[in-house]
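Report on one structure; see the data block that follows.
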Protein chains: 2
Amino acid sequence: MLGFGNVNRTLVRLLQEKTADLRRRQIAWRITGVATRRLGWIADPQGLDPSLLLEKNFPVGSLKATAPRNVRDWLHAAQADVLFEATSLNVQDGQPAIDHLRAALEAGAHAITANKGPVVHAHKELCALADSKGLSFLFESSVMDGVPIFSMFRDSLPAIHLRGFRGILNSTTNVILSGMEEGLSFEQSLKKAQEVGVAETDPMHDIEGWDAAVKVAALVTVLMGEKIALDTIQREGIRGLSGEAVRAARESGHPYKLVCRAQRHGNGIRASVRPEQVPLSDPLAWVAGTSNIVYFETDMFPGLAITEINPGLEATSYGLLADFIRAVSD
Amino acid sequence: MLGFGNVNRTLVRLLQEKTADLRRRQIAWRITGVATRRLGWIADPQGLDPSLLLEKNFPVGSLKATAPRNVRDWLHAAQADVLFEATSLNVQDGQPAIDHLRAALEAGAHAITANKGPVVHAHKELCALADSKGLSFLFESSVMDGVPIFSMFRDSLPAIHLRGFRGILNSTTNVILSGMEEGLSFEQSLKKAQEVGVAETDPMHDIEGWDAAVKVAALVTVLMGEKIALDTIQREGIRGLSGEAVRAARESGHPYKLVCRAQRHGNGIRASVRPEQVPLSDPLAWVAGTSNIVYFETDMFPGLAITEINPGLEATSYGLLADFIRAVSD
């Protein structure tokens with residue numbers, strides 16, 4: 001496990017809870033390596049104690065672990081079959097996550113990530129590398145938590161043609177807009193979102209639409225099979241909206257949402273992330289708070305929408321668990 | 001192809017349109033048998049001419065076909081690898097569709113159906129028979145047209161626990177309610193739905209909630225792994241609603257919908273189909289006309305909704321095509 005914040009910690013809990021179900025699928029697990037800035041690279045091929053790992057601020061010395069010095073040595077020391085990569089996003093080039101996932105595949109481990117940077121910047125390369133090794137590169141948790149969007153298109157919608165999509169893919173801005181509709185100013189609503197742990201300490205990445213734009217790029221890359229540069233996505237955040245404007249829009253029956261869009265256009269893709277006023281008859285208008293939606297337009301279904309309502313902590317980690325089951329069952 | 005109405009006719013068109021895509025998947029196809037009340041059982045292992053089949057009222061004699069006398073002889077004469085069963089529903093016991101699907105599996109053909117009767121009345125038996133023969137029994141098109149609900153739970157949501165669901169699964173009643181909201185009486189709205197081909201000549205099956213109840217039973221059987229008798233589903237249709245009541249409910253912000261529900265309760269399932277008033281903040285309130293929705297409650301996602309908006313003729317037939325690709329690719 002690379003990164004040991006909420007996502008991988010909750011994954012440990014899910015692995016424990018689903019152990020019997022996994023055993024029925026002939027899957028056994030142990031955690032043989034964890035790496036974080038605080039812990040460094042630690043490994044024990046016999047398995048680290050999950051309960052100790054889940055204790056807050058446990059002393060590293062209480063684990064019988066070795067301490068390799070880089071990702072390659074760590075993967076080797078851990079005898080890893082699977083890498084769960086859950087570090088934070090680097091929008092510009094997806095590094096160092098890409099190098100870590102590449103190292104995993106080269107070391108013979110499935111590469112599973114919750115990080116959309118590698119999907120946008122190295123999808124083709126990592127898929128090809130995984131294929132050549134008979135391994136999987138999977139990333140279900142990188143967009144819309146662990147809702148099975150990528151898996152659905154890959155496994156359940158064969159021979160379908162995706163014309164475009166639109167949706168609400170960033171929770172932070174959606175929570176802030178919901179707060180503003182209820183009477184708060186932008187600053188008050190942001191502060192509240194930070195207090196409940198939805199918005200990050202540095203929220204500009206979300207507020208300026210970067211997070212949503214990277215998700216659009218990930219969906220376009222994987223589901224539409226098209227290359228798209230981030231700077232070709234028209235991007236406008238929610239910073240320019242006042243509380244008054246947001247409340248007036250809701251009252252007029254056309255609330256503001258930070259809407260993501262992508263559509264085929266000639267040989268390319270037109271994509272945008274920007275505040276739009278949507279009518280109440282549009283399912284997007286009713287997706288509030290941390291809920292997400294994506295509305296797909298395909299040649300077989302003119303409208304197929306997936307909505308994730310009030311996700312909990314499990315949602316993202318479940319995507320990693322599902323990818324794990326897929327990878328080792330194939 | 002057993003039954004040759006809209007569903008299988010459109011499937012022929014989709015097979016033609018997607019031939020290049022199928023070829024890339026190493027899949028070739030030809031239609032070696034068609035059976036309907038008008039045509040009888042006709043077969044030609046060299047392939048019947050799809051264009052002739054799609055012509056209305058073509059003379060059967062224009063096909064170079066043999067005419068076996070029952071389903072077993074027909075499957076044998078057609079040298080069928082796959083049966084597409086798209087006959088009409090028998091609510092009470094799922095026959096004769098079950099016998100036809102059984103015959104296909106026994107003859108070494110994958111059994112694919114758009115018919116929910118066999119799912120409710122013979123899911124376990126047909127799955128076991130298919131397994132024992134190394135074949136597939138698939139039925140994606142039996143609920144919510146071809147939207148990949150069954151496939152999503154089977155392939156994309158491993159180790160998840162479904163607690164319950166609710167949704168709008170019958171188009172005819174939803175179209176009638178939409179028409180009543182726009183000012184029509186029940187009778188006027190039904191007549192209009194019949195004129196546009198949404199409601200059947202004998203619409204009682206839909207109006208009294210039978211179609212929706214069978215869909216609930218199919219979802220409970222397959223996704224929740226529980227047996228459920230149709231007569232244990234609390235069932236009330238929309239016949240008791242007046243146009244005035246429907247319009248007053250919409251105006252009050254709590255429109256009527258024919259809501260399907262199932263929920264685990266102790267060791268069993270509580271399920272119902274009945275008109276309910278839903279608040280506008282509920283995504284069900286905005287699902288109009290022929291659109292459908294199902295809202296799943298699972299241990300990993302408290303709310304995961306799939307909405308099918310304004311499906312066309314392709315939607316159901318696409319489910320058969322997707323099942324076909326799954327069956328022959330496994």
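These values consider heavy atoms only, across backbone and side chains, with no hydrogens, waters or symmetry-generated copies. Chain letters run A, B, ... following the sequence lines, proteins first, then strands; residues in each count from 1.
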What pairs with B:Arg25 under side chain to side chain donor-acceptor pair (under 3.5 Å), at least two apart in sequence or on another chain? B:Asp21
For B:Ile325, which atoms come within 4.5 Å of any heavy atom of chain A: side chain, backbone, both, or neither? side chain
Residues B:Met300 and A:Lys18: closest non-hydrogen pair is CE-CE, 3.7 Å
Residue by residue, scan residues 157-173 of chain B and write down, ordered by number, those that have a heavy-atom distance under 4.5 Å to chain A; if none do, write 'none'. B:Leu157, B:Pro158, B:Ala159, B:Ile160, B:His161
Based on non-hydrogen pairs under 4.5 Å, which of B:Ser281, B:Ser329, B:Gly312, B:Gly319 is most in contact with chain A? B:Ser281
Sub-4.5 Å heavy-atom contacts with chain A: which residues of residues 176-184 of chain B show up? none
Atom pair OG1/CD1 of A:Thr307 and B:Ile293 - distance to nearest 0.5 Å: 6.0 Å
Contact leader toward chain A among B:Ala305, B:Pro302, B:Ser151, where contacts are heavy-atom pairs under 4.5 Å: B:Ala305
Taking side chain as everything from C-beta outward and backbone as N, CA, C, O, which of these in B:Arg326 sits under 4.5 Å from a heavy atom of chain A? Side chain, backbone, both or neither. side chain
Which atoms of B:Tyr295 are under 4.5 Å from chain A, going by heavy atoms: the side chain, the backbone, both sets, or neither? side chain
Where does B:Leu14 contact chain A at under 4.5 Å (heavy atoms): side chain, backbone, both or neither? side chain
For residues 306-330 of chain B, pull every pair meeting ring-ring contact (aromatic ring centres under 6.0 Å, His included), keeping only residues two or more places apart or in separate chains. A:Phe301-B:Tyr318, B:Phe84-B:Phe324
